[in-house]
Amino acid sequence: MTAPRLRFAPSPTGYLHVGGARTALFNWFFAKRTRGTLILRIEDTDQARSTEAHTQVILDGLTWLGVTWDEGPYFQGADGARHRADAHRLLKDGKAYRCFCSKTELDAQRQAAPGGAETYRYDRRCYRLAAEEIEHRIAAGAPFVVRFLMPDEAITWDDAIHGPITFQGRDLDDLVILRSDGTPIYNLAVVSDDIAMRITHVVRGDDHISNTPKQIALYAALGAPRPIFGHVPMILGPDGKKLSKRHGATAVGDYQIQGILPAAMRNFLALLGWSPGDDREIMTDAELVAAFSLEAVQKKPAVFDLTKLEWMNGQYLSALPAESIEALVAGHLAALGVLPGGQDIRPAIDAVKSRARTLIQLAERVSVRLDPARATLEPKGEALIKKMGSAYAENLRHAIRALEPIPDPEWHPDPILEAIKRGADAAGIKLGDAMQPIRVALTGDTVSEPVNELLAAVGKAVSLARLATVAAAG
RNA sequence: GGCCCCAUCGUCUAACGGUUAGGACACCACUCUUUCAAGGUGGUAACACGGGUUCGAUUCCCGUUGGGGCUACCA
């Protein structure tokens with residue numbers, strides 16, 4: 001058997017949606033797994049909605065995700081001549097016909113249909129036109145579209161994900177394959193391209209299931225062998241509806257901005273609608289590729305669980321050495337307006353990386369160390385003060401008294417911890433009640449590295465000044 | 001409306017006729033750390049419903065219900 005040839009074929013009419021990203025990923029896994037070829041094809045036959053900017057965003061999204069392709073990107077719009085040639089071949093073979101009905105005539109026919117516009121199917125009136133009448137209209141320059149003559153027969157295929165699916169040709173319309181301006185319609189362009197590119201496996205979204213019988217009929221009419229089809233289910237929002245903008249972030253670029261690592265995104269997306277069959281969850285690309293199969297892809301749509309994505313990202317973050325995420329963290333710090341200015345941020349990253357789920361969170365926790373002035377109690381002041389306990393101002397003053405005597409050269413984690421313990425004992429309070437107010441005062445957050453290490457890193461003068469300010473405010 | 005697809009914890013999933021229906025996220029305890037997380041241990045929580053087939057159905061078949069997709073001179 002020859003090596004499989006696959007394609008990922010987004011249309012540049014929007015951003016790279018997570019659903020599309022997952023489809024691309026599944027294609028990539030399959031191609032890698034079978035040592036096949038993955039082709040990127042931009043479906044830009046809809047000139048009105050396609051833009052170069054969208055194409056670039058899709059390319060960037062794929063690149064960020066780490067999905068690589070072996071051929072392309074090819075642009076479908078560049079192959080109009082071949083699409084037209086295929087359409088005319090069908091015309092010549094009597095497998096397609098010219099339709100002179102205008103859009104307004106069609107609308108009128110739809111309205112007049114017995115069961116209403118919903119049940120309307122083209123009545124083939126132009127197919128029944130006499131040859132001389134057709135010649136006459138062409139000669140008169142009447143505009144026409146080319147319609148495919150849908151055969152009246154059962155169309156069946158064995159879907160790699162869904163199993164056998166059957167449609168009846170009579171339920172399908174005679175679809176337009178060439179517009180009146182001579183440009184091809186999606187279904188023709190796809191089939192024409194997939195034949196020309198010798199595609200063996202079409203792995204795409206579930207929403208194309210009902211296009212598949214039309215395309216299979218086109219393959220047959222063009223005398224070409226059809227590929228194996230596999231239809232990946234959609235991704236839903238938390239409310240069970242199709243994932244869309246109103247659910248928040250749906251473009252892969254959004255997750256890049258939020259500080260999700262590409263590897264975590266790949267791992268998460270892979271597990272959305274697919275599983276290796278055992279209990280593994282955190283998996284490397286190599287493991288994913290080795291375990292992947294279309295048969296194991298779920299048939300039902302999956303709800304996108306942001307919380308689990310963030311958990312998984314946190315797993316990657318804490319497992320990675322500081323130097324490998326240093327540059328990314330620096331980028332997010334810059335976005336926060338904090339410049340390390342030559343400081344080594346790696347110790348700070350190591351101190352908080354297991355306490356963050358996104359790079360943004362990680363950068364925020366690093367930033368308060370670099371610039372303690374950022375440690376504001378706003379905007380969640382109420383909640384933070386509650387966490388510190390009602391006596392927090394008093395407890396902060398205990399802490400200040402305990403810490404002040406430490407000489408500068410001894411301002412290190414261990415002596416600091418000892419001093420806080422002694423102070424807590426003297427004041428008759430629990431260590432936690434002594435620690436948490438300090439943490440909140442210094443970071444504006446309830447989560448940070450151990451308080452004594454934090455104090456040591458921030459420095460004595462800055463720490464005490466900050467504690468005094470918060471204590472005074474309380 | 002017509003055609004097609006789908007249905008296990010709240011969510012992601014395992015199970016391919018016989019299991020105390022397993023794992024993960026989230027949640028709740030406990031634990032470790034005289035501090036926050038992370039980690040560890042445990043817990044709550046599911047086979048949509050009704051008929052068949054079978055010695056036996058979450059699993060196979062049919063129906064119901066409920067979701068979803070398509071039904072363009074969009075992709």
How many Å lie between CZ on A:Arg179 and P on B:C73, as a whole number? 10 Å
OH/A:Tyr127: more than 12 non-hydrogen atoms of other groups inside 6.0 Å: no
With a non-hydrogen cut-off below 4.0 angstrom, is A:Tyr186 in contact with a base, only sugar-phosphate, or nothing? base
Atom CG of A:Asp181 to atom P of B:C73: distance rounded to whole Å? 13 Å
What nitrogen or oxygen pairs link the protein and nucleotides 40-49 of chain B at under 3.5 Å?
none

Using whole Å, what does the distance between atom P of nucleotide B:G69 and atom CZ of A:Arg204 come to? 17 Å
Given 3.5 Å as the limit, does a donor-acceptor pair link the side chain of A:His208 with the main chain of A:Arg204, or not? no
Is there a donor-acceptor contact under 3.5 Å linking the side chains of A:Asp193 and A:His83? yes
Between residues 414-425 of chain A and RNA chain B, which residues have a heavy-atom gap below 4.0 Å? A:Lys421
A:Asp181 side-chain N/O to A:Thr183 backbone N/O, donor-acceptor pair under 3.5 Å: yes
Enumerate the protein-to-nucleotides 62-65 of chain B contacts in which both atoms are nitrogen or oxygen and the separation is below 3.5 Å.
none

What's A:Ser11 touching, base or sugar-phosphate or nothing? Going by heavy atoms closer than 4.0 Å. sugar-phosphate
Using a heavy-atom cut-off of under 4.0 Å over every strand shown, decide if A:Arg357 touches base, sugar-phosphate, or nothing. sugar-phosphate
Do the side chains of A:Glu43 and A:Arg41 get close enough for a salt bridge, i.e. N-O under 4.0 angstrom? yes
Need one value for A:Ser318: base, sugar-phosphate or nothing, where a base atom within 4.0 Å counts as base even if backbone is also close, heavy atoms only. nothing
Pick out the pairs of N or O atoms, protein on one side and nucleotides 29-33 of chain B on the other, that lie under 3.5 Å.
none

Enumerate the protein-to-nucleotides 70-72 of chain B contacts in which both atoms are nitrogen or oxygen and the separation is below 3.5 Å.
unit_1, atom_1, unit_2, atom_2, d
B:C70, O4', A:Ser210, OG, 2.9
B:C70, O2', A:Ser210, OG, 3.1

So what does A:Thr45 hit on the nucleic acid, given a heavy-atom distance under 4.0 Å: a base, only sugar-phosphate, or nothing? sugar-phosphate
Check nucleotides 11-15 of chain B against the protein and report each pair of N or O atoms closer than 3.5 Å, with its distance, or say if there are none.
unit_1, atom_1, unit_2, atom_2, d
B:C12, OP1, A:Val303, N, 2.8
B:C12, O2', A:Leu271, O, 2.7
B:U13, OP1, A:Gly273, N, 2.4
B:A14, OP2, A:Gln298, OE1, 3.2

When you compare B:G39 with B:U20, how far apart are their P atoms, in angstrom units rounded to a whole number? 32 Å
When A:Leu269 is tested against each of A:Trp274, A:Phe26, A:Tyr255, A:Phe304 for side chain to side chain contact (heavy atoms under 4.5 Å, CB included), which residue passes? A:Phe304
Pi-cation contact, A:Phe100 with A:Arg137 (under 6.0 Å, within 45°): yes
Pairing partner (Watson-Crick or G-U wobble, both distances under 3.5 angstrom) of B:C36: none
Given that A:Thr13 and A:Thr166 both sit by RNA chain B, which one's nearest nucleotide is further toward the 5' end? A:Thr166
Less than 4.0 angstrom from a charged side-chain N to a carboxylate O is my criterion; do A:Arg110 and A:Asp107 meet it? yes
Heavy atoms under 4.0 Å, any strand shown: does A:Leu178 hit a base, just sugar-phosphate, or nothing? nothing
Can you work out whether A:Ser180 or A:Pro450 has the more 5'-proximal nearest nucleotide on RNA chain B? A:Pro450
Please work out if A:Lys430 contacts a base, only the sugar-phosphate, or nothing of the nucleic acid, heavy-atom cut-off 4.0 Å. nothing
